[in-house]
2 protein chains.
Amino acid sequence: MACVPRRSATAVAETRAGVLDAAVRRASVDGLEGLTIGRLADELSMSKSGLFGLFGSKEELQVATFEAAVEHFTREVWRPVARREPGLPRLLALVDRWLSYHQRRALPGGCFVTTATIEFDARPGPLRDAVARARRRMHAALEADLRAAIDAGDLPASTRPADVAFALYALASAASTAIQLDEPGARARARRCMRGLLGAG
Amino acid sequence: MACVPRRSATAVAETRAGVLDAAVRRASVDGLEGLTIGRLADELSMSKSGLFGLFGSKEELQVATFEAAVEHFTREVWRPVARREPGLPRLLALVDRWLSYHQRRALPGGCFVTTATIEFDARPGPLRDAVARARRRMHAALEADLRAAIDAGDLPASTRPADVAFALYALASAASTAIQLDEPGARARARRCMRGLLGAG
DNA sequence: ATACGGTACGAACGATCGTGCTGTAAATCA
DNA sequence: TGATTTACAGCACGATCGTTCGTACCGTAT
């Protein structure tokens, strides 16, 4: 890829980005704990210590990888629908975008955020804090659009935004799992369920 | 527990059960990959090789642990409501039982089956087969009761049993995560969502 | 009474884990 | 241009991984 000794500022950024890209892909399959500095270095034809020095510790590598994955998700799912009008239209577009993110296997191991969340939800530490933070951010964004939809009269006033956000998130995660397990019709099923929550057929 | 050298048929079964009990507890926190023969042996004051010999390989230990966890779940959630009349009444009872299984932290790491499913859904092998099988069994049981509820007129005829089963499962898994992350009101929220699916307030 | 199967042990295997140390050469700053 | 910083490589470390070995013992079948 790059000849061995090259360290300009942009080259370093490229190295880091390349490492994180590979780390996200690997960890989506094996989990953040299954991530290994040695294997990652091999895949990138780097030395273990070189890669290690880039992050300082395995935990920092894990945190950086998780944040790169969140960024990936945001870029692939959230950003493309950001310009739609807030409220129900954007939510419906988001659902489609979200499910096709899973369906086309944007990451080989399915929804990274869900994987990491389940992996660390019972183990205190920086990783658990990071996944909790990402989850809250996701929920808040969903709730904001749900409230907009209620205000616009597109959803009944009795709708509880937090409940629907929770359910949408749950269904999207489960859709990823079902797709990974090759269950036929998983995406269509999840789509029906999610649209049902949003009052659409 | 037992004095060191004793190997009657029942003593062996006790050893095995003790190992699997500890393995389920540990793996619910660290995942089935995080399970380690050495640490498990230490916790039980056994030798690594003794424990190892009981299963033959780590993969067999993982499979046995997963099956023990499924058995645990069946015993704690499914069996207690088995005598209720099939259909909607049993489904409503199951929802409560299911959520309190998570809420009272019957296993320290939350829903084991969900953890294992996410851990292995992208990695072909005996464990992926096992989780897929457990998931199908769970779905089939839910669908059977959903159909009974439809036949009894407790749910509208337009209800799609497979969709509702998928959603119930998704919500229960997400509830476990939310509880593990100490989100306030998680259990009540999940209960509202799940009962909503079953047409109950 | 004797042979056998399987449980469990202690010691050790090679591999790999995360993490330090040291050297070096390029990028950066004076 | 010279001094400083730093991104990497190379090597080595102690720990731990899953696994194998040889051995001893108990329970059961012969």
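In what follows, every heavy atom counts, from backbone to side chain, and hydrogens, waters and symmetry copies are set aside. Numbered from 1 within each chain, the chains take letters A, B, ... in sequence-line order.
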Donor-acceptor contact below 3.5 Å, side chain B:Q103 vs main chain B:R187: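 Side chain of B:Q103 to backbone of B:R187: no pair is present.
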Quick check against the 3.5 Å criterion: does B:R90 have a side-chain atom that pairs as donor or acceptor with the backbone of B:A82?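 Between the backbone of B:A82 and the side chain of B:R90 there is a qualifying donor-acceptor contact (under 3.5 Å).
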Measure from [atom1] on [X] to [atom2] on [N] and round the result to the nearest Å.
X     : N      : atom1 : atom2 : answer
A:Q62 : C:dC17 : CD    : C1'   : 13 Å
A:L51 : C:dC17 : CG    : P     : 12 Å
A:D42 : D:dA9  : CG    : P     : 11 Å
B:L54 : C:dA8  : CG    : C1'   : 9 Å
B:F55 : C:dA8  : CZ    : P     : 10 Å

Verify side chain to side chain contact (heavy atoms under 4.5 Å, CB included) between B:R84 and B:L91, making sure each step is shown before the conclusion. CA-CA 9 Å; B:R84 307 290 282 262; B:L91 283 168; over 6 Å; no
Does B:R79 come within less than 4.0 Å of B:E71, counting only side-chain N to carboxylate O?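 B:E71 and B:R79: salt-bridged.
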Can you give one letter per nucleotide of nucleotides 16-22 of chain D, going 5' to 3': B for a protein heavy atom under 4.0 Å from the base, S for sugar-phosphate only, - for none? -BBBB--
Exercise: identify the closest heavy-atom pair between B:F166 and A:R189: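 Taking B:F166 first and A:R189 second, the nearest heavy atoms are CB-CD, 3.4 Å.
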Mind checking whether B:F112 and B:F73 have ring centres under 6.0 Å apart?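 Not under 6.0 Å, so no.
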